[in-house]
Amino acid sequence: MITPPGVSAADFSAALAQFATVVGKDAVFSEGADLDLYRDAYSPLWGKAEERRASAAVAPTSVEQVQQLVRIANRYKIPLFPISTGKNLGYGGSAPGYSGSVVVDLKRMNRIIEVDDRRHFAIVEPGVSYFDLYNYIQERKLRVWIDCPEPGWGSVMGNALDRGVGWTVGYMRDHFGSHCGLEVVLPNGELMRTGMGALPKSETFAQFPYGFGPTVDGLFAQGNFGIVTRMGIWLMPEPEAYFTGKVRVRRRRDLIPLVDVMNRLEHSGIIGLPLYDSKLAHLDDAELRTLVAKPDVSDDELDQFATRRNLPTWEVTVQFYGPQETVAANWSYTKRLMREAVGDASFEDGPLFKFPMTAEEQKKVPFRVSIGAPSLEAFSQGPVRSRFNPNPMDGHLLFSPIIPKTGQAALEATRVLADIVAAAKIPGQNALYVTPQAWIYRSFLLVIGLPISRSDPKINEMSMEVFQKAVKVSAERGWAEYRTTPIFSDLVSNVYSFNDYALRRFTESLKDAADPNGIIAPGRGGIWPKHLRKG
Amino acid sequence: MDRQRRAFILGASSLAVTFALAKPQIDATPLQKLVIVHETEVPASGRFANAWPSTNARTIAFGEDVTALIYERLVPIWREGDTATIGLTNARACFCLAQVAADHGLRLIHRGIHGDANGAAWPSRLAMGLERKLRETSRLQAVSIHELLPDGSSTLVSWAMVPRAARRWS
C-alpha cells in the first residue's frame, strides 16, 4: 500500500475512512485496478521507483464534498492532487505530480450550469468534457461553438487550467485566456469566487473577467492554490460559413514572408488558426533522411531536394469564418497579400461549408476541430511502422517551447532542435520541417514528439535525455516550455530564473500564506510548499 | 497480490486467456445485456462478432474513427449501467474505448493480443473460447487499462468490459 510521505499508516487509514463518510465508500479507491486508473499511461518512468503514483483517489460529486475533503486532508496533512477528467495524456494524465498524493477525481462533478447563446458563454463544472458540452449545445440547437483540443475527450475546465489550446479563431484557442470567472475551494476549505463571481447576485460571472482590484485567476492555472470547482468560458457565435484555402511556397526561407502575411491577417481578425504544414515533414525518403541528418545542411541543398521531388517546402491552410460574402473577400485579400510577398506562391481553394449543419454534414468536414466539433481522430492516425521506424511509439513526451512568432525564429528553432534530435538518432523525425503552431494566439509553439516505449527502456532514457537537453539549449536562446508533464515541472520552472527566480519566490510566498500545510498539488508549476522545498 | 501475466495469442494457436487477480471486489450483479463491437475495416472483427454464441447480444459496427461509436452509440448504453461490451478490434480502438468506458463506470476484465493470423477460423474459435471462459469464471476481476498495446495494422486486441457492479458474466 502506498501512503502519503510523512503520514502514518494509521492516520492514512483514518483519513480514508473519513473520506468515505463524505463521498461514499464506492468513491474511494485505494488499491488494485481502480487505483491503477490513476497512472500516467505515457510516463517514461512507468514501472520505475520514480514513477508518480497515487496513494488513493476520491471522487466527490459536489463542492461541499470537496470542501470537506480538503479539511480532512489538512487535519492529516495529506497531499491532494485534483484532476478533472484525467485525459491530459502527454502531460501527466491522471497521475499526481507528487507520489503518495490522494487524487481528487472531479469527473463526477459534471454539471453544465448554463450555456447562453446570446452572450456566448458557458459555465461548467470540472467533469464536463468537450463532448459533453458540444452534445448539450447540439441537442438544444444553440447557435454557439466551442473551441476544443484534439482529442476532445478532456475536460473543458481542466484543459483551460493547464493552458491547453485549440483550433478555431484567435481568442478562443487560448483556453485559459477565454475563461471568465472561477469558483475555487481554497486550501483551508473556504469557497471563493473570482471576478464578478465575488459579487453576490452577479449575472455577469462569465462576461467580465476582472471584477474589481487585482485578479488572481492565473494562480489556479498550472498552479496549486486551490481546487477549481466551476468555471466560465467564452463561446463563439456560430458563423454562417467556413472556408479554407491553401497557400504553398517553394523555398525554406519563403516561410519568413509567409508568416508575416499570416500574422497580419490573423491579428487583424481576418483568419482563424493558420495551419502550417510541410509535405517534407511526413516524407519517408532515404535521401531526405540523409540530408536532414547532415550537419549544417544548407537551405539551398534542401530547396534543391524539394525541387527534384516537385514539392513545395511549406504550405498553410488558411481558415475563414463568417458570412459567405466576407470569407470570399478575405480569401481574395489573402491571395493579394501573398502574391505581393512571395511572387511564385500558389493557391488552392478548399471546400465551403455553410451552417447550421447536420451531424452527418459535419462528418464531411476534413478536420472537425476546426468547426468546434470534438473527435478522437487523433487516435486514428497513430505512429506508422516503416522500415525507417521499426519501433512505433507506445506514447509520447512532448517538447513544446514558445518561440517568437516569425519565420526566422521558426527556421532557427527547427535547426537547433533538429541538431539535438539527430544527435540522439531518434527515428521518424524530419525535425527540420516541423512546422510552427499558432495555437496560442500571439505566439508560436514548436512541438517535437519524443517516443515513449513500454518494451524498451533505452528509448525512454534517450527521450528524457533529449528533453532535458532541449530545455537547456532552448533556454539559452530565450525559449521555454508553455506546459509540461509533472516529472519535468522543476526542470522547466528552473529556466524562468530572472532576477534570482523572483517570480517563483513571489509565488512561493503566496503558497506559504494560502496553503501552510502544503496539501494542494505539491510541485505543480514548480511551486513546492515550504516543507518540501530543497535548498 | 498475485498477478497473472497476460498471454499472447499468435496465429491461430489455442486460446490462453488470463485475468489479473486484482482488487477491489466487484459486487455480484449478473450482466443483463451485451454489446459486441464490430470494426468493419477488420474482417476478423466481423467473424468474431458473428461467432459469439449468445442470443441476447447486439452488434454495433464502426469504421476507422471510434468517435461516433463511443459517443453516439456506446456512452448512452454505458450510462444505463447494465451492459457488457466486447470486441476484437485494432489496438487504438481498444485504447480509446477502455479510457472512456472507465469514465462511465466500466472495468476492463479481459484483453488479449493477437498477431496477424492467417485463416478464417481463429476469430470464431476465439469468440467461443472467450465466451466459455467468461461464463465459467466465478468472479470477474479487472485488469489495468494502462498497458499500452503495440501499434501496427496487424495487431488485434480482444477485450471485454463490464459495469463495475458486475461480478459474474451470467
Side-chain angles (χ1 to χ4, degrees), chain A residues 1 25-26 28-43 46-47 85-87 89 93-95 105 107-108 110 127 129-132 134-135 151-153 155 359-360 363 368 373-385 390-395 452-455, chain B residues 1-3 19-27 39 41 62-72 74-76 79 89-109 111 140-155 161 164-165:
Chain A
M1 185 187 195
K25 64 178 172 59
D26 285 345
V28 178
F29 313 109
S30 57
E31 53 188 359
D34 279 344
L35 187 58
D36 189 69
L37 292 173
Y38 301 97
R39 293 177 76 178
D40 176 8
Y42 286 5
S43 175
W46 183 274
T85 58
K87 296 288 186 292
L89 301 183
S94 54
D105 183 349
K107 199 180 290 118
R108 295 166 77 198
N110 58 5
S129 72
Y130 286 98
F131 279 104
D132 293 334
Y134 175 79
N135 289 335
W153 60 8
S155 157
E360 285 311 304
K363 287 173 184 169
R368 277 181 276 159
S375 85
L376 299 179
E377 284 174 328
F379 295 108
S380 301
Q381 291 149 17
V384 175
R385 190 189 303 270
N391 299 306
M393 297 185 281
D394 291 329
I452 297 298
S453 170
R454 288 289 174 80
S455 53
Chain B
M1 179 191 294
D2 288 335
R3 188 175 293 279
F19 299 96
L21 297 178
K23 291 182 177 181
Q25 303 304 321
I26 299 176
D27 294 339
E39 185 170 358
E41 307 279 309
F62 78 102
E64 201 176 83
D65 180 17
V66 297
T67 311
L69 166 72
I70 292 176
Y71 288 98
E72 292 174 22
L74 291 177
V75 164
R79 282 191 178 135
T89 63
N90 71 47
R92 288 192 293 276
C94 174
F95 175 74
C96 293
L97 284 159
Q99 292 273 342
V100 182
D103 292 345
H104 291 87
L106 276 81
R107 295 294 180 262
L108 190 67
I109 57 160
R111 180 184 43 236
L140 300 173
Q141 307 231 16
V143 301
S144 172
I145 68 165
H146 285 310
E147 292 302 315
L148 290 178
L149 301 161
D151 197 10
S153 58
S154 60
T155 301
M161 293 185 278
R164 190 165 182 263

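None of the values given here were measured: they were computed from a predicted structure. Numbers restart at 1 for each chain; the letters A, B, ... are given by sequence-line order, proteins then strands.
Inter-residue side-chain proximity for B/Tyr71 and A/Leu376 is flagged as met; some heavy-atom pair is nearer than 4.5 Å. Annotation: side chain of B/His104 is not in contact with side chain of B/Leu74 (no heavy-atom distance under 4.5 Å). Proximity of B/Thr89 to B/Phe62: side-chain heavy atoms (C-beta onward) are separated by under 4.5 Å at one or more points. The closest side-chain heavy-atom distance from B/Arg164 to A/Asp34 is below 4.5 Å.
With a 4.5 angstrom heavy-atom cutoff, B/Ala93 does not touch chain A via any of its atoms. Only the backbone of A/Thr85 comes within contact range of chain B, judged by heavy atoms closer than 4.5 Å. Contacts between B/Leu108 and chain A at a heavy-atom distance below 4.5 Å are absent for every atom of the residue. Residue contact with chain B, scored on non-hydrogen atoms closer than 4.5 Å, involves the backbone of A/Tyr38 exclusively. Only the backbone of A/Pro374 comes within less than 4.5 Å of a heavy atom in chain B; its side chain stays farther off. Contact annotation for A/Asp132: only side-chain heavy atoms (C-beta onward) come within less than 4.5 Å of a heavy atom of chain B. With a 4.5 angstrom heavy-atom cutoff, A/Arg108 does not touch chain B via any of its atoms.
A distance of 8.5 Å separates CD in B/Gln99 from CG in A/Leu37, rounded to the nearest 0.5 Å. Going from atom NZ of A/Lys107 over to atom OG of A/Ser155 covers 10.5 Å, rounded to the nearest 0.5 Å.
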